[in-house]
Number of protein chains: 2
Amino acid sequence: MRIGELARRSRLTGHTIRYYERIGLLPFVGRDASGHRDYDASILTWIGFLDRLKTTGMPIRTMLEYAALRQARPATAPDRRLLLERHRVQVRAHVAALREALTVLDTKIAGYADTTEGMNDDDGPAEPDDGKPLRARRPRAR
Amino acid sequence: MRIGELARRSRLTGHTIRYYERIGLLPFVGRDASGHRDYDASILTWIGFLDRLKTTGMPIRTMLEYAALRQARPATAPDRRLLLERHRVQVRAHVAALREALTVLDTKIAGYADTTEGMNDDDGPAEPDDGKPLRARRPRAR
DNA sequence: GCTTGACTTCGAGCACGCTCGAAGTCGTAG
DNA sequence: CTACGACTTCGAGCGTGCTCGAAGTCAAGC
């Protein structure tokens, strides 16, 4: 399979596939007689998994770690497992945050419920402020 | 309240607060005698709401739309409602995608379950490929 | 009077994840 | 022989959302 077909089937662009190869997310695949990338269908499984990881917000840098462990073949399984487990914790937290935010959204929308008549134009009362932070600050690693 | 205190209480940085004001996400607030921004505690409610929207992945550009409707005071309530409802649809879809990806993650991790002994080093069999796309392609508007 | 620290404005820079175009090669169809 | 379309490499550019530093002002405490 050449890059064009893989692009169609993976719903990535050729450009993105080459980019992924460049950064090491996709293996450096062999070229055919004309110098074109020649993919095995099994690559779709890997891309599919990467896509899931992407969906869950895993940064490329972490996918690279995982990919590297996979490359460094044998017994890196425990490391990979740990990596995924750690990520799962974050995803679950993210889902929880989303669900909470969704209920806020629901409430807000409900507040606009009959507002065709112009009520509730104030986006809710100012909450009594307890001085507590709105959410945890996450300083960025540098 | 000056910007420092607001920063602490909102868990934003002063820089970010000024940035938000610059782009119109926060109102242009009055300055005190020394030229310092002077905030009312009610701003925390707005920032808190923005934070929820951010959590749900709403792009700033959309928050700006909402903010603009809020400014353009009276009867924009139906528009704001519509905006939030549309966003809610997307958030729900995102949550669904996350949950699905989570089960994939669960399966993967389960596959590594007893891999302390070195089994399952292959990240799963290549799926029989049906030629169907992995997920919908979303061309970017330009 | 001087230092300190919290603020001000302004504009540049950064991290991330692509996205795209230029210029060239290759193989097949007409 | 030519045109085409699909590919190749390379490197620059972009959209998003901050992040940061420089240079200056101001008020309070010593």
Side-chain angles (χ1 to χ4, degrees), chain A residues 1-26 28-39 43 47 50-67 87 90 94 134-142, chain B residues 1-26 28-39 43 47 50-67 87 90 94 134-142:
Chain A
M1 185 186 353
R2 300 202 301 188
I3 202 174
E5 190 184 345
L6 180 58
R8 264 185 295 103
R9 288 164 75 169
S10 66
R11 290 304 188 169
L12 296 174
T13 68
H15 276 308
T16 302
I17 292 171
R18 286 188 210 100
Y19 165 68
Y20 280 177
E21 178 182 302
R22 217 148 72 212
I23 65 174
L25 208 47
L26 293 180
F28 186 86
V29 76
R31 315 294 149 128
D32 66 17
S34 337
H36 294 173
R37 287 170 179 78
D38 186 18
Y39 291 99
I43 194 75
I47 293 179
L50 287 179
D51 190 45
R52 296 300 189 159
L53 294 181
K54 187 163 82 183
T55 295
T56 58
M58 180 185 282
I60 284 185
R61 135 179 37 91
T62 308
M63 297 188 202
L64 282 177
E65 275 178 51
Y66 186 86
H87 180 59
Q90 298 190 79
H94 185 203
L134 263 24
R135 63 162 185 170
R137 174 151 17 195
R138 283 201 306 127
R140 196 158 54 86
R142 302 179 60 196
Chain B
M1 185 187 353
R2 300 202 300 189
I3 202 173
E5 189 184 346
L6 180 58
R8 264 184 295 103
R9 288 164 74 168
S10 66
R11 291 302 187 170
L12 296 174
T13 68
H15 276 306
T16 301
I17 292 171
R18 286 188 210 101
Y19 164 68
Y20 280 176
E21 179 183 300
R22 214 149 74 212
I23 65 175
L25 208 47
L26 293 181
F28 186 86
V29 77
R31 317 292 149 128
D32 66 15
S34 338
H36 295 171
R37 287 169 179 77
D38 186 17
Y39 291 99
I43 194 74
I47 292 179
L50 287 178
D51 190 45
R52 296 301 190 159
L53 293 181
K54 187 163 81 182
T55 294
T56 59
M58 180 183 283
I60 283 185
R61 140 181 32 91
T62 308
M63 297 187 202
L64 283 176
E65 276 177 51
Y66 186 86
H87 181 59
Q90 299 191 79
H94 185 203
L134 263 25
R135 64 163 186 170
R137 170 143 33 187
R138 283 203 308 127
R140 197 160 51 90
R142 302 181 59 195

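Small disclaimer: the values here were computed from a predicted structure and weren't measured.
- What you find for B:S10 and B:I17 is that their closest heavy atoms are OG-CD1, 4.1 Å.
- Side-chain nitrogen and oxygen atoms of B:R37 include at least one within less than 4.0 Å of the OP1 or OP2 phosphate oxygen of C:dT9.
- Summarising the geometry, the separation between CG on A:D38 and P on D:dA6 is reported as 18 Å, rounded to the nearest angstrom.
- Taking only side-chain nitrogens and oxygens, B:R61 comes nearer than 4.0 Å to OP1 or OP2 of D:dT16.
- Checking D:dC18, D:dC7, C:dG17 against the side-chain heavy atoms of A:R2 singles out D:dC7 as nearest.
- For the pair A:I3 CD1 and D:dA6 C1', the interatomic distance rounds to 10 Å; values are reported in whole Å.
- Side-chain contact between A:L12 and A:D51 is absent, with no heavy-atom pair separated by less than 4.5 Å.
- In this structure, A:R18 reaches the D:dT8 phosphate: one of its side-chain N or O atoms is under 4.0 Å from OP1 or OP2.
- Mapped onto DNA chain D by nearest heavy atom, B:H15 and B:G57 fall at different nucleotides, with B:G57 at the one closer to the 5' end.
- Between the CZ atom of B:R8 and the C1' atom of C:dG5 there is a distance of 14 Å, given to the nearest Å.
- Within the 4.0 Å cut-off from OP1 or OP2 of C:dC18, at least one side-chain nitrogen or oxygen of A:K54 is found.
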Under 3.5 Å donor-acceptor pairs involving side-chain atoms of residues 29-36 of chain B, not counting sequence neighbours:
unit_1: B:R31; atom_1: NE; unit_2: B:V29; atom_2: O; d: 3.0
unit_1: B:R31; atom_1: NH2; unit_2: B:E21; atom_2: OE2; d: 2.6
unit_1: B:D32; atom_1: OD1; unit_2: B:S34; atom_2: N; d: 2.8
unit_1: B:D32; atom_1: OD1; unit_2: B:G35; atom_2: N; d: 3.1
unit_1: B:D32; atom_1: OD1; unit_2: B:H36; atom_2: N; d: 3.0
unit_1: B:H36; atom_1: ND1; unit_2: B:R2; atom_2: NH1; d: 2.7

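- Taking the side chain as every heavy atom from C-beta outward, B:H94 and A:H94 approach each other to under 4.5 Å.
- One interatomic measurement links the two molecules: CD1 of B:I23 to P of D:dT16, which rounds to 11 Å at whole-angstrom precision.
- Side chains of B:L50 and B:L26 form a contact here, defined as non-hydrogen atoms less than 4.5 Å apart.
- OP1 or OP2 of C:dC18 has at least one side-chain nitrogen or oxygen of A:Y20 nearer than 4.0 Å.
- The side chain of B:T16 has D:dC18 as its nearest neighbour among D:dC18, C:dC7, C:dT19.
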Is there any protein nitrogen or oxygen under 3.5 Å from a nitrogen or oxygen in nucleotides 27-30 of chain C, and what are the pairs?
none

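- For the pair A:D32 CG and D:dA6 C1', the interatomic distance rounds to 11 Å; values are reported in whole Å.
- Straight-line distance from the CE atom of B:M58 to the P atom of D:dT16: 15 Å, rounded to whole Å.
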